[in-house]
Amino acid sequence: MTVAGSVSAAYLSIKGDLKNHGNLYPTQQCCFSIHHRNKNLLAFRGSDAMGHQLKCVSSHDGRIKPQRDSRTSKIVCVDYPRPELDNTVNFLEAAYFSSTFRAAPRPMKPLKIVIAGAGLAGLSTAKYLADAGHKPILLEARDVLGGKVAAWKDDDGDWYETGLHIFFGAYPNVQNLFGELGINDRLQWKEHSMIFAMPSKPGEFSRFDFPDVLPAPLNGIWAILKNNEMLTWPEKVRFAIGLLPAMLGGQAYVEAQDGLSVKEWMKKQGIPERVTDEVFIAMSKALNFINPDELSMQCILIALNRFLQEKHGSKMAFLDGNPPERLCMPVVDHIQSLGGQVQLNSRLQKINLNNDGTVKSFTLSNGNVVEGDAYVIAAPVDILKLLLPEEWKEIPYFKKLDKLVGVPVINVHIWFDRKLKNTYDHLLFSRSPLLSVYADMSVTCKEYYDPNRSMLELVFAPAEEWIGCSDSEIIEATMKELAKLFPDEIAADQSKAKILKYHVVKTPRSVYKTVPNCEPCRPSQKSPLEGFYLAGDYTKQKYLASMEGAVLSGKLCAQAIVQDYELLSSKEQKSRQTEVTVA
């Protein structure tokens, strides 16, 4: 595959054969039917992303007259108290890790670290380096923060996002980050349940409810045993027996399963195929946007381990608004308060090298050259591979990245002319062949709250065969699936609920595809090249491709740089001495 183009830390314009995938980063496309007449007074409508009014080009101008729905919605938005996470082992370990940066000896001369990419990994790297007394320069190519959690505001003032983001109790580094920034109140915790649609019974749902009175893993076992709609008792027993090696073998066993797909592992353990069909297709698509015949079983076992071993591990929260403002901006404010810099519209074009193969500087697309004492690429692995200088490509550390490839995903937002009733104030597993998870964001999220009309946000996955399709084709396919989930309220031909507008966000290369035998290919944050580091959920850390993995990777990257302080300081001094000698 030949690829050439203009590359950046958080944006990539590509020319070449990508099966019509376009940019590796999300494309924002939308279709307007009307402008909202009823603005939501509870939403934070008055602010723009990082001071930029983000515009969206309409796909077409078909308009319909809004219809007022006088029916009273049965859906009630009720948030739950923040779970007791602060005394759990994983939370305390993450808290201690954070404290090491604040407690580190103040450097005599702070390092200037240039970081390309202001997603969660880059923001995390910069935040903890600033905590340690250094001066990060965080470069973001686009005019919006967040990377894979970016969002945009349309002409109506409504936000649409790169993905449907859920914050689990089993995310200790993310939970610590919220606490360190003083924004714990921005997470809207939901009841401790997992809710699955029932394809055989359109419009009905099956629940796994985790009782708060029981400790882990008993609360999870109880939730499974009490659900008799998805698995029979013989299937539960055979599944439990199949899981015994994982429960007894611990982390070593989990890591050893990386060579098997979910489907292969289930067959090897003698677990009925219906268990995969009923539960793990949905779970695989939620975790990595692919089906069980492709996903590494290690990914499933890591998630199950967190969910079953931590009482609140599977408890979910929604952010109370758009991620760039409600999560990313507090990180930026913190970095800048400590002397760091964050620059938007700063697209990385080229990595310049010294004679010894180490990094000399970054050249941006605007022609500016940025120099530092150390350099970090915090962009997705696909962008990193396109940025690599030719001199580096055969180095084993970089060569093994060839197997790591981002998975395509599509995020769909649909605004309807009425309040849908057959939903919950929660994340829902669709169990649809085309859709992964979805939520009525007009109920689950304060900023998007609307008492009169629903906005469904849906993850369209697997998306490999759909990423090149038109928005209208994707919406048409989505509506057919929604007709099964809402048989009394939605029809594919819109004879029932009408679409007011929609947005389709395509990400041809999202998180890395966690297929079997990927684990050995994941790099450490410290490269073999002095002064060059990586951050991103694809790098080596125990939470795989997730927001938690991105934040943890940033902390590990910052740790590696802090530990290399003496080396990097002496490198700067030698460089200055060389310049004086040459002069």
### Task
Answer yes or no: is there an ion pair linking E519 with K540, defined by an N-O contact shorter than 4.0 Å?
yes
#### Entry: I335 side chain reached by V342 side chain, heavy atoms, under 4.5 Å
yes
### Task
Could you tell me whether Y448 and W159 have their ring centroids closer than 6.0 angstrom?
no
### Query
Do side-chain atoms of D373 reach the backbone of K112 as a donor and acceptor pair under 3.5 angstrom?
yes
### F101 and Y128 aromatic ring geometry - parallel, tilted or perpendicular at 30°/60° bounds
tilted
### Task
Step by step, work out the salt bridge (charged side-chain N to carboxylate O under 4.0 Å, His left out) result for K127 and E180.
CA-CA 11 Å; K127 190 264 186 194; E180 292 159 25; 2.5 Å; yes
### Query
Looking just at side-chain N and O atoms, do S365 and Q349 make a donor-acceptor pair shorter than 3.5 Å?
no
### Query
Can you tell me how far NE2 of H165 sits from OG of S546, rounded to the nearest 0.5 angstrom?
12.0 Å
### Message
For the CG atom of L534 and the OH atom of Y375, what is their distance to the nearest 0.5 Å?
### Response
15.0 Å
### Query
Would you call R509 and V405 a side-chain contact if the rule is heavy atoms closer than 4.5 Å?
yes
### Query
Between the main-chain N or O of V511 and the side-chain N or O of K148, is there a donor-acceptor pair closer than 3.5 Å?
no
#### Entry: Point-to-point distance, once rounded to the nearest 0.5 Å, from CD of Q559 to CG of L552
9.5 Å
### Query
Any chance the side chains of S261 and D293 put a donor and an acceptor closer than 3.5 Å?
no
### Query
Between E294 and K263, is there a side-chain N and carboxylate O pair less than 4.0 Å apart?
no
### Task
Show the numbers, then the answer: is there a side-chain hydrogen bond (donor to acceptor under 3.5 Å, both in side chains) between E255 and Q257?
CA-CA 5 Å; E255 292 178 359; Q257 307 316 300; over 6 Å; no
### Query
Does any N or O in the side chain of R522 come within less than 3.5 Å of the main-chain N or O of Y538, such that one atom is a donor and the other an acceptor?
yes
### Message
Could you measure the distance from the CG atom of L529 to the CD1 atom of I351? Nearest 0.5 Å is fine.
### Response
10.0 Å
### Task
Measure the acute angle between the ring planes of F532 and F398, then classify it against the limits of 30° and 60° as parallel, tilted or perpendicular.
tilted
#### Entry: N368 backbone acceptor or donor facing N366 side chain under 3.5 Å
yes
### Spatial distance of atom CG (L187) from atom CZ (F318) [nearest 0.5 Å]
11.5 Å
### Message
Just by distance, no angles: are the side chains of S98 and N176 close enough, under 3.5 Å, to form a donor-acceptor pair?
### Response
no
### Contact check, side chains of S527 and Y533, non-hydrogen atoms, under 4.5 Å
no
### Query
With distance as the sole test, does Q525 use its side chain to make a donor-acceptor pair with the main-chain N or O of L556 at under 3.5 Å?
no
### Message
Against F178, only a single residue in Y171, F167, F91 fulfils ring-ring contact (aromatic ring centres under 6.0 Å, His included); can you say which?
### Response
F167
### Task
List the steps and the verdict of side-chain contact (heavy atoms from CB on, under 4.5 Å) for L401 and C521.
CA-CA 6 Å; L401 298 177; C521 302; over 6 Å; no
### Task
Examine F307 together with F168 and report whether their ring centres are nearer than 6.0 Å.
yes
### Query
Is the shortest heavy-atom distance from the side chain of P528 to the side chain of I395 under 4.5 Å?
yes
#### Entry: Side-chain donor or acceptor of W392 paired with backbone N/O of G357 under 3.5 Å
yes
### Query
Can you find a pair of side-chain heavy atoms, one from V562 and one from H134, that are under 4.5 Å apart?
yes
### Query
Can you check whether A535's main-chain N or O pairs, donor with acceptor, with T539's side chain at less than 3.5 Å?
no
### Query
Quick one: are I166 and M316 in side-chain contact, heavy atoms under 4.5 Å?
yes
## Note on the structure
A379 and I383 have their tightest heavy-atom pair at CB-CG2, 3.9 Å
### Query
Quick one: does Q541's side chain have a donor or acceptor within less than 3.5 Å of a partner on L544's backbone?
yes
### Task
For residues V407 and Y512, determine if any side-chain heavy atom of one lies less than 4.5 Å from a side-chain heavy atom of the other.
no
### Query
Hey, is the main chain of N345 close enough, under 3.5 Å, to the side chain of R347 for a donor-acceptor pair?
no
### Task
Kindly indicate, with the supporting measurements, whether the criterion salt bridge (charged side-chain N to carboxylate O under 4.0 Å, His left out) is fulfilled by K360 and D356.
CA-CA 10 Å; K360 179 180 181 180; D356 62 359; over 6 Å; no
#### Entry: Gap separating the CG atom of N322 from the CD atom of E161, nearest 0.5 angstrom
7.0 Å
### Task
Could you tell me whether a side-chain N or O of K135 sits under 3.5 Å from a main-chain N or O of L338, the two making a donor and an acceptor?
yes
### Query
Passes side-chain hydrogen bond (donor to acceptor under 3.5 Å, both in side chains), D131 versus H334? Steps please.
CA-CA 9 Å; D131 282 349; H334 180 86; 2.6 Å; yes
### Message
A side-chain contact here means heavy atoms from C-beta on lying under 4.5 Å apart; do C557 and V376 qualify?
### Response
yes
